[in-house]
Every structure is written in structure tokens, then in C-alpha cells.
Amino acid sequence: LVTVLRIGHRIKRDKRISTHLALVARAWGVRRIIFTGEKDENLIESVKKINQEWGGNFKIESLCSDEWKTIIMNWKTEKKKIIHLTMYGENLAEFEKTEEFKGLKKNFIDLEEILIVVGGKKVPGKVFNLANWNIAVGNQPHSEVGALAVFLDHLMPNNMRLQFDNANKRIIPSIEGKKVYMEKTNEN
Ligand code: SAM
């Protein structure tokens, strides 16, 4: 079970990037994403609409600025693992070789809950200290969306084929254009 925590959401500036972060998390089978920063009802609504159309039980929460501390501290109290994605961290290519990563990959689906933390403009130093691992998806600056997508794909390589229950729309993969199966609803 994976939860993503995104620190420092700003309603105006991060509208698209935060939505994309949620969509990547949902598509890769993350259970829940929590945003802290400015509380944003529109962000929640836009992701709920995607759930209605494309299915699944993905959860989204938007909390105020300093709630990240409570979330991380609770996670630590429960002795659950925290991975912070940052360009300053240990390169994922190295982390992947460790028994710790291999253990996480094997166990988390049934046994463990993992918190993946990504930042925005500036990440408080405390996050670096509280995380079990600070991991870089390459030691070059890029984006939280890119970092999360690549990391999730390394952690859960089989989730490329995920399908969700209760979907109104389902894509039929095709090399020749768009094929979408539409569930019959009362509106049709
Ligand atoms: N100075 C920031 C840092 O610590 O990575 C860069 C800010 S970047 C705009 C926002 C977020 O994207 C970061 O907090 C981090 O979670 C993620 N990010 C950017 N580049 C990354 C990389 N190479 N590896 C892992 N995460 C990265």
C-alpha cells in the first residue's frame, strides 16, 4: 500500500502539476494522495471526476500547510517506512541494488505501508531527517511528476497494466487510434 504526500501545494501556481501528480499516483495504483499547503477543493473535485469516469478507489485529501509534520510523525510512530524523493538523495539506480529496496518491493503490497514524499518549491530540512531514505531519480533537477512516475514504475513494474473496478470508461489498447469501451449508464 502506497500513500503519496505532496508538500507545499499552491492553488494558483500548482493547479496543473498537482493534478498531474495525483493522476500519475492513481494510474500506478497508489492508494491515497495527500496534499499539504493551501487547501484546495477544486483539486479534490477534479480528481474525483476522474475516478467516476475511469474507476478505482483512489483517495485524495487536501490539508493545510503544516499538517505534513503530523502525517510524517504519525507514520514514524507506527514504524512505517518513508521515502523522500529529492535530487540530492541517493541515486535510485544504487538504491535499487540494496536488500532494503528489494525487501520493500516484495513486501509492501501485503505487509507494509509506504509513504512517498515529494516537494514543491522548497522542502523543509526536517523532511530529509525524518525520511528513512532520501532518493534521487537521477541527480539532476526535474519535477515531482517525473520523479514520482519513474519511482513508482521501478517499485511496481507490473502496474503498467492496471485496470480499475467501477469504471464508466475503459480503454481498449490499440495501435490504430482510439478505442474506448463505455459502460452503459442511465444517461445513455
Ligand atoms: N530543490 C528541490 C529538490 O530537493 O529536489 C527541487 C524542487 S522540484 C521543483 C520539486 C520536487 O520535485 C522536489 O521536492 C522533489 O520531490 C522532486 N524532484 C525534482 N527533481 C528530482 C530528482 N532528480 N529526484 C527526485 N525527486 C526530484
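All ligand and atom numbering here is 1-based and tracks the order in the structure.
Only the backbone of Q140 comes within 4.0 Å of ligand 1, judged by heavy-atom distances.
Side-chain heavy-atom separations under 4.5 angstrom define the hydrophobic clusters, and I11 shares its cluster with no other residue.
Of the protein's heavy atoms, G119 N, 3.9 Å lies nearest to atom 13 (C) of ligand 1. Protein heavy atom in closest approach to atom 20 (N) of ligand 1: H142 N, 3.2 Å. Protein heavy atom at the shortest distance from atom 15 (C) of ligand 1 is L85 O, 3.1 Å. Scanning the protein heavy atoms around atom 4 (O) of ligand 1, the nearest turns out to be T86 OG1, 3.1 Å. Ranking the protein heavy atoms by distance from atom 8 (S) of ligand 1 puts G120 O, 3.9 Å first. For atom 24 (N) of ligand 1, the nearest non-hydrogen atom of the protein is V137 N, 2.9 Å.
For ligand 1 and V123, the ligand atoms under 4.0 Å from any heavy atom of the residue are 14 (O). Near A147, meaning under 4.0 Å from any of its heavy atoms, are these atoms of ligand 1: 25 (C), 26 (N), 27 (C). The contact set between ligand 1 and G138, taken as ligand atoms under 4.0 Å from a residue heavy atom, comprises 22 (C), 23 (N), 24 (N). Atoms of ligand 1 found under 4.0 Å from any heavy atom of Y88, numbered from 1 in the order shown, are 1 (N), 3 (C), 4 (O).
W133 and E100 share a side-chain donor-acceptor pair at under 3.5 Å.
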Inset, instruction - Any chance you could lay out the salt bridge (Lys or Arg N to Asp or Glu O under 4.0 Å) test for E113 and K81, step after step, and finish with the verdict? - result: CA-CA 7 Å; E113 276 191 77; K81 299 287 190 281; over 6 Å; no
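Shown are I34, V117, L148; of these, the side-chain contact (heavy atoms from CB on, under 4.5 Å) with V4 is made only by L148. A side-chain contact (heavy atoms from CB on, under 4.5 Å) with I83 holds for exactly one of L104, N132, L115; it is L104.
A salt bridge does not link K12 to E38: none of the charged side-chain nitrogens sits closer than 4.0 Å to a carboxylate oxygen.
Backbone and side-chain nitrogen or oxygen atoms of E144 are examined, and one is located within less than 3.5 angstrom of a nitrogen or oxygen of ligand 1. Residue-to-ligand polar distances place M87 within reach of ligand 1: an N/O pair is separated by less than 3.5 Å.
Between the side chain of K169 and the backbone N or O of Y181, no donor-acceptor pair lies under 3.5 Å.
Below 30°, between 30° and 60°, or above 60°: for F101 and F95 the angle between ring planes is above 60°, a perpendicular geometry.
Note on residues 20-66: pairs passing ring-ring contact (aromatic ring centres under 6.0 Å, His included), not counting sequence neighbours, are H9-F35.
Within the 4.0 Å heavy-atom cutoff, I135 counts among the residues contacting ligand 1.
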